[in-house]
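In what follows, chains carry the letters A, B, and so on, assigned in the order in which the sequence lines appear, proteins first and then strands, with residues in each chain numbered from 1.
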Protein chains: 2
Amino acid sequence: MVNLESFCYNHLMKKDTREALLDSAFNTFYKHGFQGANIATILNDVGINKGSMYHFFKSKKALGLAVIEERIERNLVNKYAPIKSVEELFDVLCSAPKTLSYGCPLNKMSQEMIYIDTDFQKLLSTTYGKFETLVQIILERDGVENSELKAKQIIATYEGALMIYHLNRQEEEFVQVLRELEQNIFKVVD
Amino acid sequence: MVNLESFCYNHLMKKDTREALLDSAFNTFYKHGFQGANIATILNDVGINKGSMYHFFKSKKALGLAVIEERIERNLVNKYAPIKSVEELFDVLCSAPKTLSYGCPLNKMSQEMIYIDTDFQKLLSTTYGKFETLVQIILERDGVENSELKAKQIIATYEGALMIYHLNRQEEEFVQVLRELEQNIFKVVD
DNA sequence: TTTTCACTTGACTAAAAGGTCAAGGAAGGA
DNA sequence: TCCTTCCTTGACCTTTTAGTCAAGTGAAAA
């Protein structure tokens, strides 16, 4: 018995065209920025034609918004939801230089788009809120007080340090700044 | 006696065309990003023609690099060089939401360009280094120990918090995160 | 007065970009 | 077997964009 879906004419399983499009668009936007990205590049990468993309997304903008909702946000949840302790959180944060080749996707997209398009602004703002909540939950589960402010502190330092890392490529500095924060926040003043 | 320079045919003092171009380019790149920015917009804003711009800058890229060197960097020096104490430093940092309409120009340009063009990358990296030095000097003059790490901490938190501010537009949160850092860094553990 | 140089004009080019569309293929239900 | 729906093709359109260039202007030096 043959899986019919695997015999699609463009060697892609039908339902996967949209997904492949989102994957490639995410990568392309991540590296080149939304405005700098070229639709032809994405299409070429996926191996499909224009009309096929415009069947799923009515415009480049729609594709961009979908990338935020279905990739950037999903990646954040996949990464932060399973974290069980503050210690583990900082370990994950410290690993960012190894996994995030071009900086923080959310930060990058935000810097570029929030003052250019209000739909992007709204969606990015919402997505950031979810990120903050994910971090806050980790802190609260570990009994940390004042979790909202501390979540903001952690994310702010992380985002800024990651930017500096991408300018200097000094991983040690990046880790040092985060570890310092970890100690400062959770040090007990006797 | 009339100032001859003020009788230029395009109602601009000659020497000022380049400067006006840099001003407008800075603003346009700041809001729209380098790639998203449109040269025609800048020319229209300044009130000159293409050839005039290409007389001073051989390409859009050259204009972009000049904006970094002659505006972004200059603004940083103008802003941070006169600061005389750590206290004053934090006051200036806290005022960012009032002065930086579209985020940190250096951060924004960096996020967009460092992985797209190595000339931008080098220049932005150098410029960031100068920023860090400016902050470090303030700390050292105030007798703060471990000034290099602390400068990085301050800048990282500031940059990240500023990004969050631009997503949420909650100025209080922004100030709170920075004030918290100020206390944490300089609190004496008895 | 003449020459020179820095700067400006504005039309032009070529390429790239996002987006459209009519036609066609595959699969599945009737 | 036929019809409908979903998806794909690839050529085409339109607009935008960075960049070019020959010709011209005015100020200042010679």
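In this entry the distance linking CD1 of B:Ile39 with C1' of D:dT20 reads 13 Å, nearest Å. Rounded to an integer number of Å, the gap from B:Ile48 CD1 to C:dA6 C1' is 14 Å. Look at CG on B:Leu21: it is 13 Å from C1' on C:dT8, rounded to the nearest Å. Rounded to whole Å, the distance from NZ on A:Lys58 to P on C:dC21 is 15 Å. Nucleotide C:dA17 holds its C1' atom 18 Å from the NZ atom of A:Lys61, rounded to whole Å. Between the C1' atom of C:dC12 and the OH atom of B:Tyr54 lies a distance of 14 Å, rounded to the nearest Å. Protein atom CD of A:Gln35 is 14 Å distant from nucleotide atom C1' of D:dT17, rounded to whole Å.
Neither A:Ile137 nor A:Tyr128 shares a network with the other; the hydrophobic side chains, linked directly or stepwise wherever heavy atoms of I, L, V, M, F, W or Y lie under 4.5 Å apart, form separate groups for each.
When the side-chain nitrogen and oxygen atoms of B:His55 are compared with OP1 and OP2 of C:dT8, none of them lie within a distance under 4.0 Å. Checking the phosphate oxygens (OP1, OP2) of C:dT8, a side-chain nitrogen or oxygen of B:Thr17 falls inside 4.0 Å. Taking side-chain N and O atoms only, B:Asn49 has a distance below 4.0 Å to OP1 or OP2 of C:dG10. Dashed line: the shortest gap from a side-chain N or O of B:Asn38 to OP1 or OP2 of D:dA18 is under 4.0 Å.
Ion pairing between a basic and an acidic side chain is recognised when a charged N comes within 4.0 Å of a carboxylate O; A:Lys98 and A:Glu171 show such pairing. Using a 4.0 Å cut-off between charged nitrogen and carboxylate oxygen, A:Glu180 and B:Lys152 do not count as a salt-bridge pair. At a threshold of 4.0 Å, the pair B:Lys122-B:Asp117 does not count as salt-bridged, since none of the basic side-chain nitrogens sits closer than that to a carboxylate oxygen.
Using a 4.0 Å heavy-atom criterion, one finds that B:Ala62 contacts no nucleic acid atom at all.
Checking B:Ala37 against A:Met53, the closest nucleotide of DNA chain D that is more toward the 5' end is the one next to A:Met53. Sequence order on DNA chain C of the closest nucleotides to A:Phe34 and A:Gly51 puts A:Phe34 first from the 5' end.
Put simply, the side chain of A:Lys50 and the base of C:dG19 share a donor and an acceptor less than 3.5 Å apart.
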Item to check | Derivation and outcome, salt bridge (Lys or Arg N to Asp or Glu O under 4.0 Å), residues A:Arg18 and A:Glu70 | outcome: CA-CA 11 Å; A:Arg18 212 188 98 101; A:Glu70 302 181 40; 2.5 Å; yes

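Of the candidate nucleotides C:dT8, C:dG18, D:dG19, C:dG18 has the atom lying nearest to any side-chain atom of A:Lys60.
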